[in-house]
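Report on the structure given below.
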Amino acid sequence: MIIVEVRFKNGIKAKIKETGQKYYFFCPQQGIQIGDYVLVESREGVKSYHNDNFRVARIERIFKDEEDKIMKMLRVRRYVVCKLAVKDFEERCAVVRKMKKETNGRLWVWVQEQEAKEKEERKRKKREEAEKAKLDKEKEKPQKAKRKPKAVKK
């Protein structure tokens, strides 16, 4: 089994920095090369004891089986899940960034309009319920007998 050194890709906006921290993973897949993007299991958060999250990473270096000393020194515990079969991963991220930039403003306005409509609808329903409750209350009250006006003495 080989060990690979990777750097994580953090979202579609951030580029992988050459000064970024390096991580090491067991790699059971064959045909992995430097520069390939892979899906790796990741441990998110300090108190997470299970490797149940995934992250995208780029392979920076490959260690072969013969280097037992390196394997013991690195204390590798996690695995590469699969190789991403996309050769133009960075270009695809750029396309998504462009689409988000074009639609983000319009999408935000649409969301605000929808929220305003929902808020207005809630207010209207609340007013209707209050009016209905007021009418029901008036119907339940017993009607008082109206007094005749007093006769004026001359």
Side-chain angles (χ1 to χ4, degrees), residues 1-140:
M1 184 163 321
I2 59 175
I3 294 178
V4 293
E5 176 183 277
V6 301
R7 287 195 171 106
F8 287 132
K9 172 91 172 127
N10 295 321
I12 61 168
K13 291 182 181 179
K15 294 185 178 179
I16 297 175
K17 296 180 182 177
E18 294 303 317
T19 58
Q21 188 171 356
K22 300 172 186 177
Y23 297 92
Y24 301 92
F25 294 88
F26 287 118
C27 184
Q29 284 76 24
Q30 300 298 321
I32 297 286
Q33 299 172 353
I34 294 174
D36 286 346
Y37 284 90
V38 292
L39 192 65
V40 297
E41 60 180 350
S42 141
R43 195 169 69 181
E44 298 292 329
V46 177
K47 293 185 178 182
S48 176
Y49 299 107
H50 303 289
N51 295 329
D52 56 358
N53 296 314
F54 297 108
R55 291 186 73 180
V56 174
R58 185 179 66 203
I59 295 181
E60 299 291 322
R61 191 170 170 191
I62 299 174
F63 298 103
K64 299 292 180 193
D65 257 347
E66 301 89 41
E67 303 179 29
D68 288 334
K69 184 178 179 184
I70 293 174
M71 291 175 75
K72 290 177 185 175
M73 184 177 75
L74 297 177
R75 295 186 299 162
V76 180
R77 294 187 184 102
R78 296 175 281 169
Y79 286 84
V80 171
V81 177
C82 67
K83 175 182 173 181
L84 296 178
V86 179
K87 294 180 181 178
D88 56 347
F89 185 77
E90 287 293 336
E91 292 172 17
R92 287 186 181 206
C93 287
V95 168
V96 172
R97 279 194 304 268
K98 183 179 177 186
M99 289 185 336
K100 284 182 84 169
K101 190 175 187 180
E102 290 173 357
T103 60
N104 197 19
R106 285 184 278 143
L107 182 62
W108 178 248
V109 170
W110 179 80
V111 168
Q112 286 179 331
E113 289 172 356
Q114 294 299 319
E115 288 176 351
K117 286 179 184 177
E118 290 173 1
K119 188 176 181 180
E120 189 63 36
E121 183 68 23
R122 284 193 302 266
K123 283 182 180 179
R124 186 184 60 78
K125 284 183 180 180
K126 193 173 182 180
R127 277 194 305 260
E128 288 175 356
E129 289 174 1
E131 288 174 6
K132 187 177 178 183
K134 186 177 178 181
L135 290 174
D136 290 344
K137 211 177 213 185
E138 287 177 4
K139 286 181 182 178
E140 290 176 1

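Side-chain atoms are counted along with the backbone in the values below, which use heavy atoms only and exclude waters and symmetry mates. In what follows, residues are counted from 1 in the order of the sequence shown.
Within the model, atoms CD of Glu90 and CG of Asp88 stand 10.0 Å from one another, a figure rounded to the nearest 0.5 Å. The distance from the CD1 atom of Ile16 to the CZ atom of Phe8 is 10.0 Å, given to the nearest 0.5 Å. To the nearest 0.5 Å, atom CD of residue Glu120 and atom NZ of residue Lys117 are 11.5 Å apart.
With sequence neighbours excluded, the residues forming a side chain to side chain donor-acceptor pair (under 3.5 Å) with Gln21 are Tyr23, listed by chain and number.
Scanning all heavy atoms of the two residues, the minimum distance from Ile62 to Ile2 falls at CG2-CD1, 4.0 Å. Residue Phe54 comes nearest to Leu39 through the heavy atom pair CB-CD1, 3.9 Å, listed as atom of the first residue, atom of the second, then distance. Between Lys83 and Val38, the closest heavy-atom pair is CA-CG1, 4.0 Å. When every heavy atom of Pro28 is checked against every heavy atom of Val80, the shortest pair comes out as CD-O, 3.8 Å.
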task = Give the intermediate values and the outcome of side chain to side chain contact (heavy atoms under 4.5 Å, CB included) for residues Gln29 and Val81.
result = CA-CA 8 Å; Gln29 284 76 24; Val81 177; 5.9 Å; no
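The environment of Arg92 atom CZ is sparse: at most 12 non-hydrogen atoms of other residues, nucleotides or ligands sit within 6.0 angstrom.
Using a 4.5 Å cut-off on side-chain heavy atoms (C-beta onward), Arg78 and Val40 make no contact. Side-chain contact between Phe89 and Val56: present, with at least one pair of heavy atoms (C-beta onward) separated by less than 4.5 Å. Between Phe63 and Val4, every side-chain heavy-atom pair lies at or beyond the 4.5 Å cut-off.
When atom types are taken as modelled, the side chain of Arg7 and the backbone of Gly20 share a donor-acceptor pair closer than 3.5 angstrom. In terms of modelled atom types and a separation under 3.5 Å, the side chain of Glu41 and the main chain of Tyr79 share a donor-acceptor contact.
With respect to Glu18 and Arg58, a salt bridge is recorded, a charged nitrogen being found less than 4.0 Å from a carboxylate O. For the pair Arg124 and Glu128, the salt-bridge criterion is met [side-chain N within less than 4.0 Å of a carboxylate O].
Each salt bridge (Lys or Arg N to Asp or Glu O under 4.0 Å) pair with one or both residues in residues 24-33, not counting sequence neighbours, would appear here, but there are none.
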